[in-house]
Structure formats: structure tokens, C-alpha cells
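Given the structure is predicted, the values throughout are model-derived calculations rather than measurements. In listed order, ligands and their atoms are each counted from 1. Values reported hereafter were calculated over all heavy atoms of this structure, with side chains retained and with hydrogens, waters and symmetry mates removed.
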Amino acid sequence: MRHFDLVIIGTGSGNSIPNDAMAGWQIAILEKGTFGGTCLNVGCIPTKMFVHTADQAAAPANAEKLGVDAHLDAVRWPEIRDRIFGRIDPIAEGGRNWRANENANVTVYEGTAKFIDAHTIDTGTGETITADRIVIAAGSRPTTPDIADLDTTGFHTSDTIMRLDELPESLIIVGSGFIASEFAHVFSSFGVQVTMIARSNLLLRHEDLEIAERFTEVAKTKWDVRLQRKTTRAEKTATGVRLHLEGPDGEETVEASQLLIAVGRQPNSDLLDAGKAVELHEDGRVKVDEFQRTSQPHILALGDISSDYQLKHVANHEAKVVQHNLLNPDEPIRSDHRFVPAAVFSSPQIASVGLTEEQAKARKIRYVTSSQAYASIAYGWAMEDKTGFAKLIADPATGQLLGAHIIGPQASTVIQPLIQAMSFGLDAKSMARGQYWIHPAMPELVENALLNLPLD
Ligand SMILES: Cc1cc2nc3c(=O)[nH]c(=O)nc-3n(C[C@H](O)[C@H](O)[C@H](O)COP(=O)(O)OP(=O)(O)OC[C@H]3O[C@@H](n4cnc5c(N)ncnc54)[C@H](O)[C@@H]3O)c2cc1C
Ligand SMILES: NC(=O)c1ccc[n+]([C@@H]2O[C@H](COP(=O)([O-])OP(=O)(O)OC[C@H]3O[C@@H](n4cnc5c(N)ncnc54)[C@H](O)[C@@H]3O)[C@@H](O)[C@H]2O)c1
């Protein structure tokens with residue numbers, strides 16, 4: 001049985017761990033799917049390439065209010081799809097070949113790995129290996145909801161919807177979170193009739209309430225949004241799929257050519273029999289401490305399989321911590337999860353960091369808030385934006401920001417100085433007054449929101 005100094009399970013953020021300082025280690029990398037993991041192949045990168053394309057396709061419709069009559073002539077789906085994957089697929093293949101053929105100290109096993117015990121792993125390739133140290137970086141996968149006959153419909157998840165042969169006429173999306181909101185924007189901008197099915201009375205209900213309410217309001221003007229619906233049954237039809245729903249007005253059905261299920265992602269710990277080696281949370285995530293150590297000191301974990309956050313920048317941060325702690329076991333560093341930002345690349349965009357107002361209330365924290373509409377800053381006038389705003393939450397005693405939430409154009413970029421201020425402890429007043437703000441640029445939204453905070 002071959003023995004390794006280090007085994008890494010999963011080639012998403014886990015693949016960034018081996019570096020020159022580990023050149024003397026024998027390392028095994030285990031991957032059951034495509035090299036590069038979720039973000040590269042079926043996550044952040046292709047979705048944002050689709051979102052950018054969708055933003056272009058949606059531009060003519062938004063130009064009318066500016067006095068520009070433009071028209072979207074056509075969307076060449078196969079070309080859009082093939083541009084995106086024509087770029088991504090070779091990167092995945094190149095990454096695989098580099099590790100498999102050009103890293104002298106790395107052995108790649110392509111199979112579904114399973115723990116036999118805390119030091120022994122069945123690689124799923126017919127070979128069982130042992131290791132001194134192990135990194136679990138096996139990610140998560142789409143959850144399938146309990147809907148009768150769903151499996152007869154040929155439904156899609158985010159893993160498959162981006163590679164459709166042709167653009168559907170209509171699409172039902174079950175779910176109301178990140179993935180549902182981003183794909184609703186993508187497909188509706190390409191001319192597809194989108195129906196969104198949500199269980200609760202709001203889309204993106206984990207956002208600050210005012211942000212989720214505004215997003216839901218705008219979404220209803222673009223998509224057929226069905227709130228407070230339970231999907232009881234699914235069936236395949238001659239032209240696509242039909243869902244049976246129960247809602248506030250009783251039973252109803254919806255039909256479309258394609259169905260996308262986007263109701264969350266579950267950790268891959270079950271595929272790995274991770275419970276045979278380490279302790280798990282009830283939801284299946286691997287338990288880790290602030291040093292990314294599992295219940296077994298020689299096993300570390302990172303990313304979606306163990307994190308409170310299913311975000312690539314978090315998985316990457318945790319991978320850096322794991323890399324350091326493998327190389328410096330006597331001087332380990334902690335992961336920093338104080339101010340984890342996130343953005344929803346829909347239309348409008350949303351970005352957030354820190355506490356929502358509801359969380360501040362629930363924690364009985366003293367806070368003040370301010371709000372600033374894009375419509376009241378010069379660049380907002382230029383864009384004729386009527387729905388976007390920034391909301392800040394701050395500690396009235398210290399002026400430190402507790403949370404920042406933006407809905408509107410370029411929210412994911414506009415929020416960055418607020419993330420920086422929170423991370424480095426810059427108070428709101430100093431931030432607003434201690435620097436120039438380029439006029440008349442979009443960050444004036446942030447400047448004015450800061451100045452609006454009722455602080456002494
Ligand atoms: C549609 C979509 C869009 C997203 N957009 C964003 C975004 O814009 N920004 C953002 O921050 N995050 C985004 N995310 C989330 C982000 O992709 C994940 O948080 C991140 O990729 C997690 O990285 P990871 O390394 O933990 O896992 P992964 O990248 O999933 O890597 C895990 C790897 O382990 C492999 N594996 C699993 N089990 C086994 C096994 N038993 N044996 C061997 N190999 C195994 C898998 O095949 C996979 O390749 C998005 C996710 C999705 C689905
Ligand atoms: N831009 C980004 O950073 C980005 C983009 C996509 C995905 N992601 C990550 O991937 C994760 C998974 O995305 P997601 O959209 O699948 O999950 P999500 O957690 O964002 O949203 C899932 C939604 O589905 C709802 N839901 C659950 N069961 C349901 C059911 N049976 N019927 C109807 N609705 C149901 C939930 O209430 C929730 O609102 C996200 O949490 C996020 O961390 C990030």
C-alpha cells in the first residue's frame with residue numbers, strides 16, 4: 001500500500017495547496033470529477049461569464065429611458081455557451097495535466113475517494129493509500145428537494161443548465177437564493193420566460209429585509225414570481241415539464257420547457273464516508289476549529305465541505321490557512337471570518353458584508369442605520385436608477401460599521417471600500433471625511449450613506 005506525506009481530496013481550492021515549499025513531500029491529489037472543482041467548471045466563473053453576457057443583452061431594454069432606441073436582435077446561445085466553456089474547459093484540462101504529468105512529487109488519483117479509517121483512503125481507482133496528513137476539500141453538490149416524481153422530469157441543476165443544447169422558450173426555477181436569482185437574470189435577459197417558485201414570501205430572504213423586499217419587488221416586474229408556494233408534484237409533458245403547486249390561493253400548475261432546481265447545496269462528506277475519520281455537524285459538514293483542524297489533528301478541512309460560507313473567496317482564504325498550517329504546524333494561523341462579503345450577480349446586483357439589521361436586533365446590539373438611494377447621487381441620475389440603495393448599520397458609540405448592504409448597479413464593486421473599512425477598523429466618520437471621493441462616481445453612494453449615519 002502506497003504511503004504519502006499528504007493527501008488532498010478535491011481539486012477546487014484544495015488544488016492550490018501544494019507549492020514549492022512542499023517539493024520534498026510525496027503528495028496525492030484525489031478528484032472524482034473535473035479538475036478545478038465547482039467555481040471554475042460549474043460555478044462562479046461560467047455563471048459570471050453568462051451574467052456579463054446577459055447584462056449586454058439586457059442593455060437595449062434599459063436604454064429606452066435614456067432616449068436611446070436600441071433593440072436586441074438575437075441571442076446566439078450555442079456561441080455564448082461555447083465561448084464560455086471553450087475558455088474554461090482547457091483551463092481545467094491544463095490544470096489536470098500539470099498536476100498529473102509535470103509535478104514530480106504529485107500523484108493524481110481520479111476516482112471517488114472514501115475513508116476507510118483516519119489514515120487510510122480508498123482512492124476509488126482500485127488502489128488504497130495511507131497518509132500522514134490529509135486535507136478534506138471535497139466541496140458540496142446541489143441538493144435535490146423532496147418533490148414527487150421529480151426524477152422523471154429530466155430537471156437541471158446549476159451543474160447542467162449552462163450546457164443546454166438550445167435556449168429554452170421558458171424556464172421554471174425552483175428556489176429563491178443566489179443561484180435562482182442569477183440564472184433568472186441570465187435566462188430572462190436572453191428572452192426566456194422565467195417563473196420562480198419560492199417557499200417563503202421573499203426572494204433572497206437571508207439578505208437584510210429591506211434589500212430582500214426591494215429585490216422581490218423588482219423581480220416581480222420581470223419574472224413570474226410565485227411566493228409562498230410548495231411544489232407537491234412534478235411531471236414530464238410533451239413539451240417540457242409541469243409542476244403542481246400549493247399556495248395561498250390553493251392549488252395551481254405551472255409549465256415550462258425546462259426546469260432548474262436551485263434549493264441549496266449539501267456537503268460531499270457522505271460520498272467520502274468522512275464520518276469514518278472525523279466528526280461531522282448534523283448537516284453533514286466536517287467540524288473544524290479556527291485553524292481548519294478537524295477532530296483528528298492530522299486532518300484539515302476547508303471550503304464548502306466544512307465552512308459556514310459556501311463562497312469561493314472563503315474557500316481560497318481557508319486553503320491559504322491550511323497551506324500555512326501544514327508547513328508551520330508549530331506556528332499555526334487562524335482563519336479570519338469576521339467580515340465575509342457576498343454578492344448576488346443578478347439584476348439588480350446585491351452585495352453585503354457584516355450584520356443585517358435583523359441580526360443586529362436579534363443580538364440586541366445598539367445600532368444606527370442610514371440609507372442612500374442611487375437616485376440621489378449624480379451617477380444615479382446618469383443611469384436613471386430608481387430602485388438601488390445602500391444601507392449602512394453602525395455602532396453609535398464607536399462609529400464602527402457593523403453591516404453594509406447595497407442593491408443596485410455594480411453593487412459588488414461599490415461595496416469594497418466598506419469591506420476594507422470594516423476589516424481594518426476604520427470608523428464611518430473618518431472614512432467619509434478623511435479622503436477624497438471621485439466626483440461624480442458611483443462610490444459617492446457610499447460617501448453619502450456614511451455621512452447620513454446619525455453619529456455625533
Ligand atoms: C452556480 C454557482 C455559482 C457560484 N458563484 C459564486 C460566486 O460568484 N462567488 C463565490 O464566491 N462563490 C460562488 N459559488 C460558490 C463556490 O463555487 C464554492 O463556494 C467553491 O467553489 C467551493 O470550493 P471548494 O474547494 O470547497 O469545493 P469544490 O470547488 O466543489 O471542489 C471540491 C472537489 O472535490 C471533488 N470531490 C468531491 N467528493 C469527492 C470524493 N469523494 N473523491 C474525490 N473527489 C471528490 C469534487 O469533484 C470537486 O472537484 C458558486 C457556486 C455555484 C454552484
Ligand atoms: N454569487 C455568489 O457568490 C454565489 C452564486 C451562486 C451560488 N453561491 C453559493 O452557492 C450556495 C448555493 O446556492 P443556492 O441558490 O442553491 O442556495 P441558497 O441557499 O442561496 O438558496 C436556496 C433557496 O432555496 C430555498 N429552498 C430550499 N428548499 C426549497 C424547496 N423545496 N422549494 C423551494 N425553495 C426551496 C431556500 O429557502 C433558499 O432560499 C449559496 O448559498 C452560495 O453560498 C454563491
Side-chain angles (χ1 to χ4, degrees), residues 7-17 29-48 50-51 92 109-115 121-125 135-147 150 157-159 161-162 173-183 196-200 202-207 212 226 228-232 243 245 260-274 301-316 318-319 340-346 349-351 412:
V7 168
I8 298 169
I9 308 168
T11 62
S13 295
N15 187 42
S16 65
I17 290 172
I29 296 184
L30 280 48
E31 174 56 61
K32 74 170 177 56
T34 312
F35 237 74
T38 301
C39 181
L40 174 66
N41 295 297
V42 289
C44 338
I45 301 201
T47 53
K48 268 76 258 182
F50 276 105
V51 165
Y109 290 94
E110 290 171 290
T112 300
K114 282 187 193 303
F115 276 99
I121 297 168
D122 172 352
T123 62
T125 63
V135 173
I136 305 178
S140 63
R141 65 184 186 277
T143 302
T144 308
D146 189 15
I147 297 172
L150 181 62
T157 67
S158 53
D159 284 353
I161 192 87
M162 290 182 271
I173 304 178
V174 175
S176 50
F178 279 67
I179 292 177
S181 302
E182 291 184 354
F183 279 118
M196 260 174 116
I197 315 286
R199 279 188 313 191
S200 66
L202 280 176
L203 306 181
L204 292 172
R205 68 192 166 91
H206 297 298
E207 300 290 338
R226 313 268 176 125
Q228 293 176 282
R229 301 299 204 278
K230 180 171 191 281
T231 309
T232 52
L243 294 189
L245 311 175
L260 169 65
I261 298 289
V263 296
R265 291 175 65 83
Q266 65 190 85
N268 283 332
S269 50
D270 52 344
L271 305 181
L272 193 58
D273 276 348
L302 65 95
D304 283 12
I305 198 159
S306 55
S307 189
D308 287 345
Y309 307 92
Q310 293 179 334
L311 295 167
K312 181 65 173 174
H313 39 274
V314 176
N316 282 346
E318 293 176 356
V340 175
V344 186
F345 295 80
S346 184
Q349 263 193 21
I350 291 175
S412 58

Margin query: Measuring from non-hydrogen atoms of R265 to any atom of ligand 1, is the shortest distance under 4.0 Å?
Written below: yes
Notebook entry, point to check: Does even one non-hydrogen atom of L272 get within less than 4.0 Å of ligand 1?
Noted result: yes
Margin query: Show me which atoms of ligand 2 lie under 4.0 Å from any heavy atom of P145.
Written below: 31 (N)
Next item on the list: Nearest 0.5 Å please: distance from the CD atom of E207 over to the CD1 atom of I350.
Entry: 5.0 Å
Checklist line | Test applied, side-chain hydrogen bond (donor to acceptor under 3.5 Å, both in side chains); reference residue, T11; option that passes from K32, E110, E31 | finding: E31
Next item on the list: Would you mind finding which of K312, M196, Q310 brings a heavy atom closest to atom 9 (C) of ligand 2?
Entry: Q310
Notebook entry, point to check: Using a heavy-atom cut-off of under 4.0 Å, does the side chain or the backbone of T112 touch ligand 1, or both, or neither?
Noted result: both
Next item on the list: Could you tell me which atoms of ligand 2, counted from 1 in the order shown, lie closer than 4.0 angstrom to a heavy atom of F345?
Entry: 1 (N)
Margin query: I want to check something: taking the side chain as every heavy atom from C-beta on, are I147 and T232 in contact at a cut-off of under 4.5 Å?
Written below: no
Check: Which atoms from ligand 2 have a heavy atom of S176 less than 4.0 Å away?
Finding: 23 (C), 24 (O), 39 (O)
Item checked: Atoms in ligand 2 with a heavy atom of R205 nearer than 4.0 Å -> 37 (O)
Check: Out of curiosity, is A342 lining ligand 1, as in a heavy atom under 4.0 Å away?
Finding: no
Next item on the list: For ligand 2, find out whether one of its N or O atoms is nearer than 3.5 Å to an N or O atom of R265.
Entry: no
Next item on the list: Just jot down the ligand 2 atoms closer than 4.0 angstrom to any heavy atom of A343, in number order.
Entry: 1 (N), 2 (C), 3 (O)
Item checked: Nearest neighbour of atom 17 (O) of ligand 2 from the list G177, G43, A198, G264, on a heavy-atom basis -> G264
Note to self: Salt bridge check, K114 against D270: does any charged N sit closer than 4.0 Å to a carboxylate O?
What the structure shows: no
Item checked: ligand 2 atoms in contact with L311 (distance to a heavy atom under 4.0 Å) -> 3 (O)
Check: To the nearest 0.5 Å, what is the distance between OG (S176) and CZ (R205)?
Finding: 6.5 Å
Item checked: ligand 2 N/O within reach of V344 N/O, cut-off under 3.5 Å -> no
Notebook entry, point to check: Should the proximity of I179 to ligand 1, defined as any heavy atom under 4.0 Å, be assigned to the side chain, the backbone, both, or neither?
Noted result: side chain
Check: Closer than 4.0 angstrom: is that true for some heavy atom of K48 and an atom of ligand 2?
Finding: yes
Next item on the list: Provide, to 0.1 Å, the distance between atom 44 (C) of ligand 2 and the closest protein heavy atom, together with that atom's residue and name.
Entry: F178 CD2, 3.3 Å
Notebook entry, point to check: In the protein, which heavy atom is nearest to atom 42 (N) of ligand 1, and how far is it?
Noted result: A113 N, 2.9 Å
Checklist line | From the candidates V263, I197, I350, the one that places a heavy atom nearest atom 24 (O) of ligand 2 | finding: V263
Notebook entry, point to check: Roughly how far, to the nearest 0.5 Å, is CG of N41 from OG1 of T34?
Noted result: 5.0 Å
Notebook entry, point to check: At a non-hydrogen distance cut-off of under 4.0 Å, which region of K48 contacts ligand 1 (side chain, backbone, both, or neither)?
Noted result: side chain
Next item on the list: For residues K312 and C44, report the shortest heavy-atom separation together with the two atoms involved.
Entry: CB-SG, 3.7 Å
Next item on the list: Just need the protein heavy atom nearest to atom 15 (O) of ligand 2, so name the residue and atom and give the distance.
Entry: I179 N, 2.8 Å
Note to self: Need the ligand 2 atom indices (1-based, order shown) with element for anything under 4.0 Å from a heavy-atom of V174.
What the structure shows: 32 (N), 33 (C)
Next item on the list: Specify the closest pair of heavy atoms between M162 and P46, including all atoms of both residues, with the distance to one decimal.
Entry: SD-CB, 3.7 Å
Notebook entry, point to check: So is D159 close enough to ligand 1, meaning a heavy atom under 4.0 angstrom away?
Noted result: no
Notebook entry, point to check: Nearest to atom 25 (C) of ligand 2 by heavy atom, K230, R199, E182: which?
Noted result: R199
Check: Could you give the distance from CD (E182) to OG (S346), rounded to the nearest 0.5 Å?
Finding: 7.0 Å
